[in-house]
Amino acid sequence: MSGLEIERKFLVKKGDAYKRAAFSCSHIKQGYIPCDNATVRIRLRKSELLPEIEASPTGGGLEGAFLTIKGQSIDGGLSRYEFEKEITIEEAENLLKLCRGGVIDKHRYLVKSGDHTFEVDEFHGDNDGLVMAEVELKNERDAFEKPDFIGPEVTGDRRFYNKHMLKYPFSLWRETLPEEYR
């Protein structure tokens, strides 16, 4: 897959409303290979069961591994070029060894809202306590319905870029956010 990625990011209010609304959950570990003028990400993703939902996916086993290259963001962080290719688990494990600064560890919940799907990321490790949601859009004016658990928009705020959080984790700046978002 390649093309222009248009997405908006939001903080998520405390609580488990997003978990109850989710139709899918996966555990993600991702790292970044140093590169000037682009972001090169390696990601491993494993599906998990959702005990809150009777008809949850069976999960178990890795869903996949991906190499993603993203260009510089434009429009205040709203859009940028993205290239993504599925790779083997072995390739991803070897490429993760080339990553700098550790890995981002998170659970991703998928929540349907109107015609869109929100990806809600619950971070672990040094970023524990941070929960963000993003929604991909067809164009910059694409209207979408926000679920009740969605808080303020943080699109374009570098603190909330996964790559940035490896160097400046949420644990260092969590007190800058209102209590309901940490």
Side-chain angles (χ1 to χ4, degrees), residues 1-30 39 41-68 70 73-87 92 104-124 127-157 159-163 165 170 177-178 180-182:
M1 172 190 86
S2 65
L4 189 64
E5 172 191 56
I6 301 170
E7 69 181 13
R8 293 177 63 181
K9 291 185 175 195
F10 303 87
L11 292 176
V12 172
K13 296 174 187 170
K14 277 185 175 180
D16 65 353
Y18 64 93
K19 290 180 183 180
R20 290 190 316 261
F23 66 85
S24 175
C25 176
S26 57
H27 185 211
I28 294 174
K29 289 193 177 187
Q30 63 190 42
T39 298
R41 179 183 72 206
I42 309 302
R43 175 181 281 172
L44 286 169
R45 183 176 64 205
K46 180 180 180 179
S47 63
E48 295 193 353
L49 293 174
L50 284 173
E52 301 87 358
I53 302 173
E54 288 180 32
S56 64
T58 56
L62 286 169
E63 276 189 7
F66 304 88
L67 165 66
T68 306
K70 295 185 178 195
S73 62
I74 54 178
D75 305 329
L78 181 62
S79 57
R80 60 184 168 170
Y81 174 79
E82 178 183 87
F83 169 85
E84 185 170 79
K85 179 168 179 46
E86 188 162 5
I87 59 177
I104 291 288
D105 185 15
K106 61 187 178 181
H107 276 86
R108 173 166 286 171
Y109 297 85
L110 300 182
V111 177
K112 187 83 170 146
S113 181
D115 294 333
H116 293 85
T117 298
F118 280 77
E119 297 175 340
V120 181
D121 290 343
E122 175 184 48
F123 292 86
H124 307 297
N127 294 300
D128 193 51
L130 179 62
V131 182
M132 286 190 312
E134 58 186 47
V135 61
E136 289 200 21
L137 306 173
K138 295 175 188 160
N139 59 60
E140 290 142 7
R141 292 185 244 14
D142 191 9
F144 58 92
E145 298 173 32
K146 286 197 284 185
D148 292 339
F149 56 79
I150 296 292
E153 185 166 2
V154 294
T155 302
D157 187 332
R159 294 179 300 170
F160 300 100
Y161 292 2
N162 283 246
K163 183 178 177 183
M165 289 190 297
F170 184 58
L177 295 183
E180 67 184 312
Y181 300 107
R182 51 183 157 111

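Starting from 1, each residue takes its place in the sequence as its number. Atom set for the values below is all heavy atoms of this structure, side chains included, hydrogens, waters and symmetry mates excluded.
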With distance as the sole test, does [X] use its side chain to make a donor-acceptor pair with the main-chain N or O of [Y] at under 3.5 Å?
X: Asp142; Y: Lys138; result: yes
X: Lys9; Y: Gly156; result: no
X: Ser73; Y: Arg80; result: no
X: Asp16; Y: Lys19; result: no
X: Asp105; Y: His124; result: no

Reported [atom1]-to-[atom2] distance for the pair [X] and [Y], which is rounded to 0.5 angstrom:
X: Glu7; Y: Glu134; atom1: CD; atom2: CD; value: 4.0 Å
X: Leu78; Y: Arg8; atom1: CG; atom2: CZ; value: 7.0 Å
X: Ile42; Y: Leu67; atom1: CD1; atom2: CG; value: 4.5 Å
X: Arg43; Y: Ile104; atom1: CZ; atom2: CD1; value: 10.5 Å
X: Phe118; Y: Ser113; atom1: CZ; atom2: OG; value: 5.0 Å

Quick one, His107 with Ser26, criterion side-chain contact (heavy atoms from CB on, under 4.5 Å). Give me CA distance, side-chain angles, the key distance, then yes/no. CA-CA 6 Å; His107 276 86; Ser26 57; over 6 Å; no
Candidate pair Phe10 and Val135, rule side-chain contact (heavy atoms from CB on, under 4.5 Å), full reasoning: CA-CA 9 Å; Phe10 303 87; Val135 61; 4.2 Å; yes
side-chain contact (heavy atoms from CB on, under 4.5 Å) between Val131 and Leu11, intermediate numbers included: CA-CA 6 Å; Val131 182; Leu11 292 176; over 6 Å; no
Quick check: do Arg45 and Arg108 have side-chain heavy atoms less than 4.5 Å from each other? no
Hey, does Asp115 have a side-chain heavy atom less than 4.5 Å from the side chain of Phe144?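 Not in contact.
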Kindly give the heavy-atom pair with the smallest separation between [X] and [Y], and that separation in Å.
X: Ser47; Y: Glu63; answer: CB-OE2, 2.8 Å
X: Thr39; Y: Lys163; answer: CG2-CD, 4.0 Å
X: Met132; Y: Val12; answer: C-CG2, 3.7 Å
X: Ala92; Y: Leu44; answer: CB-CD2, 3.7 Å
X: Phe170; Y: Tyr181; answer: CZ-O, 4.2 Å
X: Phe160; Y: Leu130; answer: CE2-CD1, 4.0 Å

Compute whether any side-chain donor of one residue and acceptor of the other, for Asn162 and Lys106, lie under 3.5 angstrom apart.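 Side chains of Asn162 and Lys106: pair found under 3.5 Å.
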Decide whether His116 and Glu145 meet the rule of one side-chain donor and one side-chain acceptor closer than 3.5 Å. no
Verdict with supporting geometry, Met165 and Phe123, side-chain contact (heavy atoms from CB on, under 4.5 Å): CA-CA 10 Å; Met165 289 190 297; Phe123 292 86; 3.4 Å; yes
My understanding is that only residues two or more places apart in sequence, or in another chain, count here; which of them pass side-chain contact (heavy atoms from CB on, under 4.5 Å) with Thr68? Arg41, Phe66, Lys70, Glu82, Glu84
Is atom CG of Asp148 surrounded by more than 12 heavy atoms (other residues, nucleotides or ligands) closer than 6.0 Å?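 Open: at most 12 neighbouring heavy atoms sit under 6.0 Å from CG of Asp148.
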Does a sphere of radius 6.0 Å around NZ in Lys29 hold more than 12 heavy atoms from other residues, nucleotides or ligands, not counting ones at 6.0 Å or beyond?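 No, because the 6.0 Å sphere around NZ of Lys29 holds 12 heavy atoms or fewer from other groups.
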Run the numbers on Glu122 and Tyr18 for side chain to side chain donor-acceptor pair (under 3.5 Å), then give the verdict. CA-CA 10 Å; Glu122 175 184 48; Tyr18 64 93; 3.2 Å; yes
